[in-house]
2 protein chains.
Amino acid sequence: MSCITTLKEKGLKITPQRILIADVLHDGKGQYTAAEIIEHVQSKMPGVNKSTIYRNLDILEQAGCVYKSELDHEVVYHHDDHGHHHHLKCVQCGKVVDCDETLLAPLEDSVQKKYKFRVDFKHLVIDGICQDCLKLK
Amino acid sequence: MSCITTLKEKGLKITPQRILIADVLHDGKGQYTAAEIIEHVQSKMPGVNKSTIYRNLDILEQAGCVYKSELDHEVVYHHDDHGHHHHLKCVQCGKVVDCDETLLAPLEDSVQKKYKFRVDFKHLVIDGICQDCLKLK
DNA sequence: ATCTTTATTGCACCTGGTCGCAATTATACA
DNA sequence: TGTATAATTGCGACCAGGTGCAATAAAGAT
């Protein structure tokens with residue numbers, strides 16, 4: 001669903017800056033760093049302030065349109081639409097391996113049941129130690 | 001186990017700054033923000049640079065002596081010894097609920113088996129939406 | 001006890017992200 | 001269409017944390 005529609009539903013104002021940010025997130029590759037979003041937005045509308053963009057990314061995150069994950073020393077934002085998968089990140093060598101989403105499903109259920117907390121894992125990053133680094137020990 | 005011993009085993013040098021950092025982490029409450037660690041260390045040895053402390057916290061994390069988690073807009077460091085538990089954090093209201101560690105055990109196993117990745121969850125922070133915020137919708 | 005090597009520290013500077021506040025603008029309503 | 005009002009923007013200052021580099025100090029060898 002369009003981010004703009006969601007914002008409207010929440011009684012938030014539709015500004016040109018917000019439209020541009022939503023456009024970037026809907027387009028293309030589905031994963032952007034804050035710097036990339038800032039660059040794309042400013043290339044279409046020079047002078048847009050970085051605070052505006054950070055603030056709007058937060059708002060979109062709160063609204064549930066955008067997910068944020070910290071991947072290998074970088075924060076990336078992705079739109080809800082793009083399929084989920086997770087990342088296993090080795091804290092020793094920094095390597096990142098993609099990981100199937102079904103792995104997390106049982107956990108979502110148990111947290112939901114036990115704590116009445118709705119978690120919906122999208123692009124979760126799990127820290128650990130990879131096979132290669134374990135061998136080096 | 002003492003952080004200092006671990007550092008020695010890895011061939012790293014034992015400096016007064018590192019000893020102070022390890023002291024803070026071993027003491028007391030078991031959870032410190034970077035700012036608290038900097039303050040404690042500098043109170044015992046004025047002039048220690050913050051970069052030194054950040055660098056050493058990273059090194060201790062890599063060495064597996066210290067765990068780092070992001071809790072409600074704050075990064076906290078804790079020593080390996082202190083018992084684990086996890087946190088469920090509501091992305092809407094910011095509320096944090098403690099959560100039992102047994103919940104994560106099955107996941108540790110499945111990641112280990114399927115991806116040969118050793119994860120050892122300590123003080124994990126899981127984002128979600130709490131019961132109260134769900135009701136408001 | 002001194003020397004050599006290599007890691008570590010302190011320094012100055014940079015970067016990403018945040019905040020308070022005054023100016024601006026989207027929206028609802030007359 | 002014009003106006004009121006509350007949200008949003010842009011700005012500048014600010015903060016936490018990180019980096020490159022020259023100076024320093026720990027550890028092992030002599």
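This is a predicted model, so every value here is computed, not measured. All chains are named by letter (A, B, ...) in the order of the sequence lines, taking the proteins before the strands, and each is independently numbered beginning at 1.
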Hey, can you tell me if B:His40 and B:Tyr32 have their rings parallel, tilted or perpendicular (30° and 60° cut-offs)? perpendicular
Report the residues that fulfil side-chain contact (heavy atoms from CB on, under 4.5 Å) with A:Ile19, sequence neighbours left out, ordered by chain and then residue number. A:Ile4, A:Ile14, A:Asp23
Name all residues meeting the side-chain contact (heavy atoms from CB on, under 4.5 Å) criterion together with A:Glu39; count only those two or more places apart in sequence or in a different chain, and write none if there are none. none
So for the helix from C:dA1-D:dT30 to C:dA30-D:dT1, with five pairs setting each end axis, what is the inter-axis angle to 10°? 30°
Nearest 0.5 Å, please: how far is NZ in B:Lys10 from CG in B:Leu60? 10.5 Å
Hey, does the side chain of A:Thr52 reach the backbone of A:Val48 with a donor-acceptor pair shorter than 3.5 angstrom? no
To the nearest angstrom, how far is A:Leu20 atom CG from D:dT8 atom C1'? 15 Å
Using the side-chain heavy atoms of B:Asn56, tell me which of these nucleotides is nearest: D:dG10, C:dT9, C:dT8. C:dT9
Tightest non-hydrogen contact, residues A:Met45 and A:Leu20, listed as CB-CD1, 3.4 Å
Tell me, for nucleotides 15-23 of chain C in 5' to 3' order, what letter each nucleotide earns: B for a base near a protein heavy atom under 4.0 Å, S for only sugar-phosphate near one, - for neither? -SBBBB---
Sorted by chain and number, sequence neighbours left out, side-chain hydrogen bond (donor to acceptor under 3.5 Å, both in side chains) with A:Asn49 holds for A:Ser51
Between protein and nucleotides 26-30 of chain D, what N or O pairs are separated by less than 3.5 Å?
| from | atom 1 | to | atom 2 | distance (Å) |
| --- | --- | --- | --- | --- |
| D:dA26 | N3 | B:Lys13 | NZ | 3.1 |
| D:dA27 | OP1 | B:Ile14 | N | 3.0 |

Is a side-chain donor-acceptor pair under 3.5 Å present for A:His78 with A:Ser69? yes
